[in-house]
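Working notes, beginning with the structure itself.
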Protein chains: 2
Amino acid sequence: MNESKTGAAAAGRRRPARERLLVTAARRFYAEGVTATGIDTIIAEAGVAKTSLYNNFSSKAELVRAYLDARHEEWLATYRARLEEAAGPREAVLAVFDTYADCAEAARETGFRGCGLLNVAAELPAGDTARDVVRRHKETVEALILGHLEQLLPERPEEAGALAEHLSFLLEGAMARAGLEGDGSRLAHARTLATALLDGAADKP
Amino acid sequence: MNESKTGAAAAGRRRPARERLLVTAARRFYAEGVTATGIDTIIAEAGVAKTSLYNNFSSKAELVRAYLDARHEEWLATYRARLEEAAGPREAVLAVFDTYADCAEAARETGFRGCGLLNVAAELPAGDTARDVVRRHKETVEALILGHLEQLLPERPEEAGALAEHLSFLLEGAMARAGLEGDGSRLAHARTLATALLDGAADKP
DNA sequence: CGTTAACTGAACAGACCTGTACAGTTTAGC
DNA sequence: GCTAAACTGTACAGGTCTGTTCAGTTAACG
């Protein structure tokens with residue numbers, strides 16, 4: 001009945017304000033951190049009334065949560081694009097490293113500052129539920145690597161598990177160092193180290 | 001003339017307030033982040049007048065800087081203690097991993113949340129000078145590892161360099177994941193991976 | 001055209017932020 | 001005891017913070 005009306009109205013009308021808020025929040029939250037970025041700054045830069053923000057998000061914490069979810073989805077989209085170019089499981093693992101490099105490259109113009117998800121977790125207290133979102137994101141990354149390694153090393157599951165953790169440590173460590181230095185060269189080094197590990201694992205069964 | 005007087009007064013009298021401020025700031029900054037922790041919270045918990053804070057530190061930013069310097073010195077002290085137990089260069093490298101585990105263990109009761117230095121860097125904007133303090137700290141850690149590896153692999157300097165970077169990525173990556181999970185088991189895994197790498201490098205020259 | 005939902009701008013509440021000012025108290029060394 | 005330094009408590013200035021309220025506007029729909 002009013003399904004198409006409400007649905008169309010929501011799709012055609014609610015989007016602009018919500019979308020502009022998410023785009024602006026993404027830029028500011030990443031560049032300056034979530035605690036240091038005020039609501040007033042976001043609505044002014046987005047050109048949106050404060051009432052519209054609180055019509056779309058019940059609180060700043062929910063906006064932060066939406067930001068984290070968007071970053072996770074964005075990461076997955078970049079990863080899937082990289083995965084399409086991958087020939088086999090070895091290249092699929094390296095696609096994860098390339099995805100991290102893509103993230104660094106995308107943030108370069110505004111000032112690369114490391115992983116946006118991890119940075120948010122770093123400024124939230126220990127029990128905050130938003131930290132769990134970040135924890136699960138990193139677990140997803142490791143699980144994706146593991147999936148490819150199980151194809152690469154079908155007869156050696158526990159070696160695949162250890163290698164997946166090893167590679168995910170390399171990824172996160174290189175990302176942290178790269179963020180401090182403001183460029184992605186550390187991620188390129190990590191990719192080189194990863195290829196050596198993959199070759200070593202494939203060579204000597 | 002007034003050197004002994006002023007010196008003694010500074011040692012006997014200025015310390016208490018400054019020290020209590022640093023101890024309290026360390027606890028709060030680590031647990032809740034520097035931006036989310038207000039000056040009033042710190043002075044109340046330290047039992048110190050606001051005037052005393054601004055007599056010892058010219059601004060909150062300087063207190064944050066003192067916090068970072070203290071964490072760096074604390075790390076070095078823990079590392080030196082671990083290094084004394086190390087038999088050779090191989091064990092010296094592992095002493096760095098043990099130092100990270102010590103940090104995680106020390107923060108366990110209040111709520112382990114990853115590397116305190118890296119967490120501060122994560123909530124500061126790109127150009128902030130405090131980020132350089134953290135960057136240099138991490139470069140120091142890698143340089144210490146490199147020094148031990150140059151002893152372990154005296155004839156292969158470029159392999160030592162690549163391995164030092166590899167091990168430092170492992171350290172930081174495991175620390176980040178451990179912080180998200182709230183316990184140090186990931187650091188133990190990283191240490192195991194490090195021993196395998198060290199054995200591999202020593203075995204096949 | 002009239003309904004409905006999204007949106008706007010502005011004012012407001014109440015709290016918290018950093019940093020300063022000031023008058024007075026405690027403590028150490030002479 | 002006297003001086004000088006560190007320290008205390010309180011009040012204040014001038015912002016900024018999140019979140020709410022409200023009256024009025026815009027735009028898409030049947």
Side-chain angles (χ1 to χ4, degrees), chain A residues 1-25 28-29 31-67 120 123-125 128 130, chain B residues 1-25 28-29 31-67 120 123-125 128 130:
Chain A
M1 287 212 179
N2 58 355
E3 176 238 315
S4 72
K5 182 168 69 178
T6 314
R13 201 64 180 72
R14 182 177 259 155
R15 275 286 172 78
R18 183 184 177 92
E19 226 161 72
R20 267 180 295 164
L21 283 167
L22 283 173
V23 168
T24 305
R28 289 293 202 152
F29 281 167
E32 291 153 36
V34 299
T35 313
T37 303
I39 287 296
D40 290 341
T41 302
I42 294 173
I43 62 168
E45 194 169 312
V48 158
K50 191 182 274 193
T51 315
S52 298
L53 190 157
Y54 283 99
N55 278 345
N56 282 282
F57 306 96
S58 71
S59 67
K60 184 187 178 182
E62 201 180 280
L63 178 59
V64 171
R65 173 61 188 265
Y67 166 67
V120 172
E123 60 177 310
L124 294 176
D128 199 298
Chain B
M1 286 220 179
N2 58 355
E3 175 238 318
S4 72
K5 179 168 71 180
T6 315
R13 201 63 179 73
R14 179 177 262 156
R15 273 288 172 76
R18 184 185 177 90
E19 225 160 73
R20 266 181 296 164
L21 283 168
L22 282 173
V23 167
T24 306
R28 289 293 200 150
F29 281 167
E32 289 153 39
V34 298
T35 313
T37 303
I39 287 296
D40 290 342
T41 304
I42 294 172
I43 62 169
E45 194 169 312
V48 158
K50 192 183 274 194
T51 315
S52 298
L53 189 157
Y54 283 99
N55 279 344
N56 282 281
F57 306 96
S58 70
S59 67
K60 184 187 178 182
E62 201 180 281
L63 177 61
V64 171
R65 173 61 188 265
Y67 166 66
V120 172
E123 60 176 309
L124 294 176
D128 199 298

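Below, chains carry the letters A, B, ... as their sequence lines are ordered, and counting in each starts from 1. Everything numeric here is computed off the predicted structure, so don't read it as measured data.
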For this session: Specify the separation, in whole Å, of atom CZ of A:Arg18 and atom P of C:dA5.
Result: 18 Å
Problem set entry | d(CD1, A:Ile43; P, D:dT16) in whole Å | 14 Å
Problem set entry | Length of the CD1-P vector between A:Ile42 and D:dT18, whole Å | 8 Å
For this session: Take nucleotides 9-17 of chain C nucleotide by nucleotide from the 5' end and write B, S or -, depending on whether a protein heavy atom sits under 4.0 Å from the base, only from the sugar-phosphate, or from neither.
Result: BB------S
Exercise. How long is the gap from OG1 on B:Thr37 to CD on B:Glu32, to the nearest 0.5 Å?
Worked result: 5.0 Å
Exercise. Who are the ring-ring contact (aromatic ring centres under 6.0 Å, His included) partners of A:Phe29, not counting sequence neighbours?
Worked result: A:Tyr67
Problem set entry | D:dA6 OP1/OP2 closer than 4.0 Å to side-chain N/O of B:Arg20 | no
Exercise. Would you say B:Ile43 and B:Tyr54 make side-chain contact, with heavy atoms under 4.5 Å?
Worked result: no
Problem set entry | Modelled atom types, side-chain donor and acceptor of A:Glu123 and A:Thr35, under 3.5 Å | yes
Problem set entry | salt bridge (Lys or Arg N to Asp or Glu O under 4.0 Å) partners of residues 48-58 of chain A, not counting sequence neighbours, each pair once | A:Asp40-A:Lys50
Exercise. Once you round it to whole Å, what is the distance between P of D:dT18 and CD of A:Glu62?
Worked result: 15 Å
Problem set entry | side-chain N/O B:Asn56 vs D:dC7 OP1/OP2, d < 4.0 Å | yes
Problem set entry | Distance, rounded to the nearest Å, where B:Leu53 contributes CG and D:dG9 contributes P | 14 Å
Problem set entry | Interatomic distance where CD belongs to B:Glu19 and C1' belongs to D:dC7 [whole Å] | 16 Å
Problem set entry | Chi angles and distances behind the side-chain contact (heavy atoms from CB on, under 4.5 Å) call for A:Leu63, A:Ile42 | CA-CA 11 Å; A:Leu63 178 59; A:Ile42 294 173; 4.1 Å; yes
Exercise. For B:Tyr54 and D:dA13, what is the distance between atoms OH and P respectively, to the nearest whole Å?
Worked result: 18 Å
For this session: Write down the distance between CG (A:Leu21) and P (C:dC7), rounded to a whole number of angstrom.
Result: 9 Å
